[in-house]
Amino acid sequence: MRVHITREDALEAEIDQRVGVSRRSAYVSAAVRTALDDETRWELIQGAIGAIDDDDDRPWGADVGECVRSQRRADGLRVG
């Protein structure tokens, strides 16, 4: 699809310097795709906040770090 987008001259010059005039559209499309993917990822992360209750009945209890440390200490094959 063909669209008309205005950009600052300095931005256009930097894009041209990095990828060349012939790759300008592909570069801008990739940048927009990356930005949309990032926003989608953040929306998913924000939507998941609070999905796990803050109770102490989980197998790891209230302190996840201590649970991991105790599992590591119990591992007889662990070095160090």
Side-chain angles (χ1 to χ4, degrees):
M1 174 185 286
R2 194 172 188 89
V3 296
H4 179 79
I5 299 174
T6 57
R7 293 184 290 264
E8 301 144 13
D9 291 341
L11 179 60
E12 196 70 16
E14 188 173 346
I15 292 170
D16 290 349
Q17 182 182 15
R18 287 189 181 273
V19 298
V21 174
S22 63
R23 300 265 311 134
R24 188 187 294 158
S25 290
Y27 185 81
V28 171
S29 292
V32 170
R33 172 57 47 210
T34 298
L36 290 171
D37 289 347
D38 289 349
E39 286 187 27
T40 299
R41 229 181 332 277
W42 275 115
E43 288 169 357
L44 291 171
I45 289 168
Q46 290 172 336
I49 292 174
I52 298 177
D53 293 332
D54 288 335
D55 61 18
D56 293 338
D57 294 336
R58 297 176 294 232
W60 53 84
D63 187 353
V64 176
E66 180 51 38
C67 178
V68 171
R69 286 187 290 279
S70 69
Q71 288 177 351
R72 289 177 179 166
R73 285 191 296 269
D75 185 356
L77 299 176
R78 183 171 184 258
V79 177

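Between the CZ atom of Arg73 and the CD atom of Glu66 there is a distance of 4.5 Å, given to the nearest 0.5 Å. Interatomic distance, Thr40 OG1 to Ile45 CD1, rounded to the nearest 0.5 Å: 11.0 Å. Glu14 contributes atom CD, which lies 10.5 Å from atom CD of Glu8 (distance to the nearest 0.5 angstrom). With values rounded to the nearest 0.5 angstrom, Arg72 atom CZ is found 9.0 Å from Arg69 atom CZ.
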Under 3.5 Å, which donor-acceptor pairs do the side chains of residues 24-38 form with other protein atoms, sequence neighbours left out?
from  : atom 1 : to    : atom 2 : distance (Å)
Arg24 : NE     : Glu12 : OE2    : 2.6
Arg24 : NE     : Asp16 : OD1    : 2.8
Arg24 : NH1    : Glu12 : OE2    : 3.2
Arg24 : NH2    : Asp16 : OD1    : 3.0
Arg24 : NH2    : Asp16 : OD2    : 2.8
Ser29 : OG     : Ser25 : O      : 3.0
Thr34 : OG1    : Ala30 : O      : 3.0
Asp38 : OD1    : Arg41 : NH2    : 2.7

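Considering only residues two or more places apart in sequence or on other chains, Gln71 meets the side-chain contact (heavy atoms from CB on, under 4.5 Å) condition with Cys67. For Arg18, there are no side chain to side chain donor-acceptor pair (under 3.5 Å) partners, not counting sequence neighbours.
For CZ of Arg23, the number of neighbouring non-hydrogen atoms (other residues, nucleotides, ligands) closer than 6.0 Å is 12 at most.
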